[in-house]
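Worksheet for the structure shown next.
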Protein chains: 2
Amino acid sequence: MRKPTMADVARHAGVSLKTVSRVVNQEPHVSASVQQRVHAAISALGFRRNEAASRLARGATMLTIGLIMENISNEFYSRLAAAVEAAAGEHEALVVFGSYEERPERERMLIESMYGRGVDSLIIVPSAADHGWLAEHPGLTTVFVDRVPAGLDRADVVALDDVRGGLMATEHLLARGHRRIALISDDDELSSVHDRAAGYRSALRAAGVPVDESLVVRGVFDPWRAGHEVTRLLSQPDPPTAFFATNNRAAIGILQALRERPERPAYVGFDDFALADVFNPGVTVVRYDVRRLARSAVDLLLGSAPEPRLVRVPVELVARGSGELPPP
Amino acid sequence: MRKPTMADVARHAGVSLKTVSRVVNQEPHVSASVQQRVHAAISALGFRRNEAASRLARGATMLTIGLIMENISNEFYSRLAAAVEAAAGEHEALVVFGSYEERPERERMLIESMYGRGVDSLIIVPSAADHGWLAEHPGLTTVFVDRVPAGLDRADVVALDDVRGGLMATEHLLARGHRRIALISDDDELSSVHDRAAGYRSALRAAGVPVDESLVVRGVFDPWRAGHEVTRLLSQPDPPTAFFATNNRAAIGILQALRERPERPAYVGFDDFALADVFNPGVTVVRYDVRRLARSAVDLLLGSAPEPRLVRVPVELVARGSGELPPP
């Protein structure tokens, strides 16, 4: 049996770790009722306050947050990491990170490795693998970002308004007169990818445009493959006149493929990237405030609640040229 | 007085942390003489082995490496972070990161904050600030990456062959017939920037081309400012026909400025970036193996030596089009 931690006390009392730290540390500005709840939780769990005192002395209550994601060198993740660091810094928390790349089994290994070193507060961008095993791991506090984890009934999640993003991108292209709009997406077992595609389908249906499944490409995980699919679709007898890319890798694949092609199809990406406005035309994207994504995740992580929570961060369309090209 | 750590024992014995862990853990494959040195260091420092045993039991000897850099959302740093994570992973080490952005005082704060939480092995991309205070901090093991820290006589450093990079980029442009080559660089108090500029000057001198100081721009920290300087130089009566950008931010600024300009100057960047070959023309850059940079840093961090070490990672020029444009 693991000794109860301050995080356990926080969870039991339904307050943030910071609040437990304030109570244990006898800092001001904590209401009597909250103090009472924290002390009740300390008693109920058999949490030893002298341990807390010694951890405080060593600075160990300064939280370390684990950030687990696919690959920090991808711009979506490096921006997220910077934003999580900034949001964590407001709580004097450091961030330890781990990339599982295309190996979901490494995701579990990273979670357990962090836990084994006392990092029990985790922000996870989950792989498509089943996360049911986490339900048996009450010592961990987890918040999932960008995707709803599979196989977990109760989870705190901060995701984008993905359905709306897919809808906006597709409506934008439809409004310019496009009817043959291809979708380039990755693993639709990921809730984000699934929802963006659902928005795409919903916009087409609302416009009375039947979904042509030959224009729906799934399973594209890198720019090279995305470019290959774009070239293949453009070489067909009845090619698409526009593309919607559900992530930045797919958008970059479109850019790569179009460098070599005579056609000038319209395209809209999902996820902004630093060079999007340096291309000619600039790349039209669905974007969002990554700081808001990160801050919401840190807030959920540090503020416990009895029921699982789902926060949706809004998205917006930024027109820069590529999404406004007309059909030929 | 701080209690001696396993890292202190490693340093005192002149062996790696891993070796100390092997000896304390009574693992095989450690020579008798090394065992003796480690035990001598343990005695000399008063290191308590039962502490080591309890840390081992809790998995705490699994190392956490601190990575301190300017900003993880910049591609140079996110690539470095991914490579450090991979190299650290081979030693079962996790990586905690911190960004000091443009605030050198935050760099020191991050170092002390990590140290306060027991992270005493640090890889630092140092700011231009004086690092002399670290000499009074023997509990830390540090390796500096990309730049030689100011004010520190003895430091382990992994840097690029910056002089050669500056030389190669400038020689490449000279060989295409350019004589008016502008330099766009940032803070030349950083050894890397200083050395790249020295390579530029040296190539010009060797070619018998006098250095025109009006073409040497310093203090450019972001793409916007770099673009502004490019526009200013191109609007001069006797404009440059080529540019050498000493980092990726400056190269991106050149791309942004040229989007709006009629001129087609040649340009070479320093640091590769994911989209360099998607632009038209592709961006010619000085590049290097970031995994080698990271691996060397981790190796120096974990393998102690009596004398400070300087590793230079080689660079190469990748011609993609922008550096091969002729003068008008």
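Letters A, B, ... are given to chains in the order of the sequence lines, protein chains preceding strands, and every chain is numbered from 1.
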Problem set entry | Candidate pair A/Leu275 and B/Phe279, rule side-chain contact (heavy atoms from CB on, under 4.5 Å), full reasoning | CA-CA 10 Å; A/Leu275 296 176; B/Phe279 284 93; 3.9 Å; yes
Exercise. Looking at CD of A/Glu85 and CG of B/Asn71, how far apart are the two atoms once the value is rounded to the nearest 0.5 Å?
Worked result: 8.0 Å
Exercise. Are there residues of residues 280-291 of chain A that reach to under 4.5 Å of chain B by heavy atoms, and which ones?
Worked result: A/Asn280, A/Gly282
For this session: Enumerate by number any residue of residues 98-110 of chain B whose heavy atoms lie under 4.5 Å from heavy atoms of chain A; in the absence of such residues, state 'none'.
Result: B/Gly98, B/Ser99, B/Arg106, B/Leu110
Problem set entry | Atom pair CG (A/Leu80) and OG (B/Ser73), whose distance is rounded to the nearest 0.5 Å | 11.0 Å
For this session: Identify which part of A/Phe273 has an atom lying under 4.5 Å from any heavy atom of chain B, answering side chain, backbone, both or neither.
Result: side chain
Problem set entry | B/Arg117 side chain vs A/Thr64 backbone, donor-acceptor pair below 3.5 Å | no
For this session: Mind checking the CZ-OG spacing from B/Arg79 to A/Ser78? Nearest 0.5 Å is all I need.
Result: 11.0 Å
Seminar exercise, completed: Note: B/Arg259 and A/Val278 closest approach over all heavy atoms is CD-O, 3.3 Å
Exercise. Stepwise, does the side-chain contact (heavy atoms from CB on, under 4.5 Å) test hold for A/Ile72 with B/Ile72?
Worked result: CA-CA 9 Å; A/Ile72 198 164; B/Ile72 198 163; 3.3 Å; yes
